[in-house]
Amino acid sequence: MSETSTTTPAPAGIPDALDRLLAALDLREVDGWGPRGEDDLWRGDSVPGPARRVYGGQVLAQALLACGRTVDDDRLPHSLHAYFLREGTLDTAIDFAVERLRDGRSFSARRSHAIQHGKPILSLTVSFQTDQPGYEAAAPGPADVPAPEQVASAIEKLEGIDHPAAKFWSHESAFDLRHVGGSLYLGPDPDPKPTQQVWVRARHAIESDDRLLHRALLAFACDQVMLEPVLRQAGRSWTDVGGTVPMASLDHAMWFHRDARADDWLLYVQESPGAQGGRGLGLARVYDREGRLVASIAQEGMIRLPV
């Protein structure tokens with residue numbers, strides 16, 4: 001297991017942020033068909049997010065888990081493609097209706113809609129595969145990246161700041177984020193560029209070895225940083241978001257190459273190839289601490305930057 005991250009303990013008797021997230025990811029199976037005749041129906045609750053709506057990464061992770069609970073245990077997700085359709089509310093449970101599209105000898109495909117108030121808020125398609133040997137190649141990770149222990153934690157930098165967003169990231173976030181070269185929480189990058197590197201890890205050790213759960217947690221964590229290179233290149237920061245800069249995830253694609261634990265340090269090597277039409281695109285390659293490529297991610301978001 002990983003060493004314990006720097007964290008502020010929850011008040012006595014109240015689960016910490018990661019434990020609350022794990023509880024929300026423990027979906028309940030619901031008897032009956034989905035609202036559109038789908039094969040399986042699951043239900044889950046929400047955890048607080050940085051805004052007054054359901055955090056998209058939470059719904060993404062829950063929908064992935066709902067799909068994964070309907071395939072054989074030896075099949076893991078290798079790719080997912082999702083569209084964020086509507087904002088979700090924090091005070092109502094979310095239903096995850098799963099359609100079993102295909103089960104082949106090596107691959108399975110599933111589709112899920114996350115439903116709240118009778119309307120879909122997310123649509124997800126996932127492909128699963130059994131473990132199989134084959135040719136392996138991977139783009140190498142960057143050299144000379146400082147170790148996470150040498151990079152300032154957002155938890156520490158935001159501790160004690162009297163602002164709702166700062167309180168969330170220092171107390172309510174389930175993950176420890178450490179931006180190489182500085183974060184965008186308090187202000188823009190003095191040297192705007194379309195690239196960044198971020199170390200990410202769950203705030204404490206996770207007892208479960210469930211490989212599907214760890215992939216779902218990886219999907220949860222990545223949604224927090226995918227559009228940051230767009231902000232960084234534009235000379236903006238998170239202090240602008242929600243005010244002069246409306247921002248929301250639109251779609252998300254993810255490819256899982258190798259197993260990785262969410263409670264081990266993972267390095268996100270990110271870039272934004274461009275922004276236009278009120279949208280920005282973020283790309284990421286995710287490496288474990290040994291430099292192995294574990295995932296590739298792409299996300300486009302609405303990000304209405306003033307011209």
Side-chain angles (χ1 to χ4, degrees), residues 50 55-61 64 77-84 124 126-127 137-148 151 153-154 169 173-185 189 192-202 214-234 236-238 241 247-275 279-303:
Y55 166 57
Q58 171 209 301
V59 186
L60 183 69
L64 175 59
H78 69 87
S79 71
L80 63 82
H81 300 266
Y83 283 93
F84 298 93
L124 170 75
V126 191
S127 182
D144 303 322
V145 178
V151 181
S153 168
W169 289 112
S173 175
F175 283 81
D176 185 350
L177 277 63
R178 304 189 177 197
H179 291 73
V180 177
S183 72
L184 302 179
Y185 292 118
D189 190 332
K193 49 189 173 293
T195 60
Q196 70 174 22
Q197 298 171 344
V198 189
W199 287 106
V200 178
R201 186 180 68 173
H214 282 272
R215 294 192 184 199
L217 287 166
L218 182 58
F220 175 94
C222 70
D223 192 39
Q224 299 173 99
V225 297
M226 284 303 300
L227 296 178
E228 281 189 335
V230 184
L231 286 175
R232 191 176 292 273
Q233 182 178 28
R236 297 285 179 162
S237 73
W238 283 107
V241 173
M247 187 167 76
S249 302
L250 294 174
D251 64 357
H252 190 97
M254 194 164 184
W255 297 266
F256 300 93
H257 308 306
R258 293 169 180 81
D259 281 331
R261 291 189 62 92
D263 53 359
D264 287 335
W265 284 114
L266 297 171
L267 178 67
Y268 286 67
V269 180
Q270 299 182 250
E271 64 175 309
S272 174
R279 307 184 316 277
L281 180 63
L283 305 177
R285 298 194 308 271
V286 185
Y287 294 88
D288 64 16
R289 193 155 184 173
E290 286 69 47
R292 295 175 298 185
L293 180 67
V294 301
S296 299
I297 315 170
Q299 183 181 103
E300 189 173 46
M302 179 198 75
I303 179 165

- Spell out, as yes or no, whether a donor-acceptor pair under 3.5 Å connects the side chain of H179 to the backbone of V198. no

- Message: Under the rule for ring pair (Phe, Tyr, Trp, His ring centres under 6.0 Å), what residues qualify as partners of H78, not counting sequence neighbours?
- Response: F107

- Of all the heavy-atom pairs spanning F220 and A61, show the shortest one and how long it is. CB-CB, 4.0 Å

- Message: Applying ring pair (Phe, Tyr, Trp, His ring centres under 6.0 Å), can you list everything that pairs with F256, at least two apart in sequence or on another chain?
- Response: none

- Query: Taking all atoms of both residues into account, what is the closest heavy-atom pair of H214 and A260, and its distance?
  - Reply: CB-O, 3.5 Å

- Note on the structure: Closest heavy-atom pair, D176 versus S153, reported as atoms and distance to 0.1 Å, is OD1-OG, 2.7 Å

- Counting N and O atoms only, with roles assigned by atom type, does the side chain of R215 sit under 3.5 Å from a partner on the main chain of P77, one being a donor and the other an acceptor? yes

- Message: I'd like to know whether M254 forms a side-chain contact (heavy atoms from CB on, under 4.5 Å) with L218, so could you lay out the CA-CA distance, the side-chain angles of the two residues, the decisive distance to 0.1 Å, and finally the verdict.
- Response: CA-CA 10 Å; M254 194 164 184; L218 182 58; 3.6 Å; yes

- Answer yes or no: is there a side-chain heavy-atom contact under 4.5 Å between I297 and V286? yes

- Task: Determine, stepwise, if the pair L217 / F175 fulfils side-chain contact (heavy atoms from CB on, under 4.5 Å).
- Result: CA-CA 10 Å; L217 287 166; F175 283 81; 4.2 Å; yes

- By ring pair (Phe, Tyr, Trp, His ring centres under 6.0 Å) - contacts of W199 (at least two apart): none

- Roughly how far, to the nearest 0.5 Å, is the CE atom of M247 from the CH2 atom of W238? 3.0 Å

- Message: Taking salt bridge (Lys or Arg N to Asp or Glu O under 4.0 Å) as the cut-off, I'd like each qualifying pair that reaches into residues 220-233, sequence neighbours left out, listed once.
- Response: D189-R232

- Task: State which residue, out of L250, V230, L281, V241, fulfils the side-chain contact (heavy atoms from CB on, under 4.5 Å) condition with I303.
- Result: V230

- Would you say the side chain of P142 lies within less than 4.5 Å of the side chain of L267, judging by non-hydrogen atoms? yes

- What distance separates L266 CG from R292 CZ, expressed to the nearest 0.5 Å? 10.5 Å

- Please name the pair of heavy atoms, one in R289 and one in A147, separated by the smallest distance, quoted to 0.1 Å. NH2-CB, 3.8 Å

- CZ of R279 to CG of L227: how many Å apart, nearest 0.5 Å? 12.5 Å

- In this structure, CG of L60 is separated from SG of C222 (nearest 0.5 Å) by 6.5 Å

- Message: Pair D288, D264 - check side-chain contact (heavy atoms from CB on, under 4.5 Å), show working.
- Response: CA-CA 8 Å; D288 64 16; D264 287 335; over 6 Å; no

- Note on the structure: For H252, the ring pair (Phe, Tyr, Trp, His ring centres under 6.0 Å) test, sequence neighbours excluded, returns none

- Item | Nearest-0.5 Å distance, CD of residue Q196 to CG of residue L184 | 6.0 Å

- Determine the minimum heavy-atom distance between Q299 and S249, stating which atoms define it. OE1-OG, 3.2 Å

- Message: With rounding to the nearest 0.5 angstrom, report the CG to OH distance, L177 to Y268.
- Response: 8.5 Å

- Output all residues satisfying side-chain hydrogen bond (donor to acceptor under 3.5 Å, both in side chains) with Y287, sequence neighbours left out; order by chain, then residue number. R285

- Message: Check whether D251 reaches the backbone of E300 with its side chain - one donor and one acceptor, N or O, closer than 3.5 Å.
- Response: yes

- Which heavy-atom pair separates P273 from E271 by the least distance, and what is that distance? CD-O, 3.9 Å

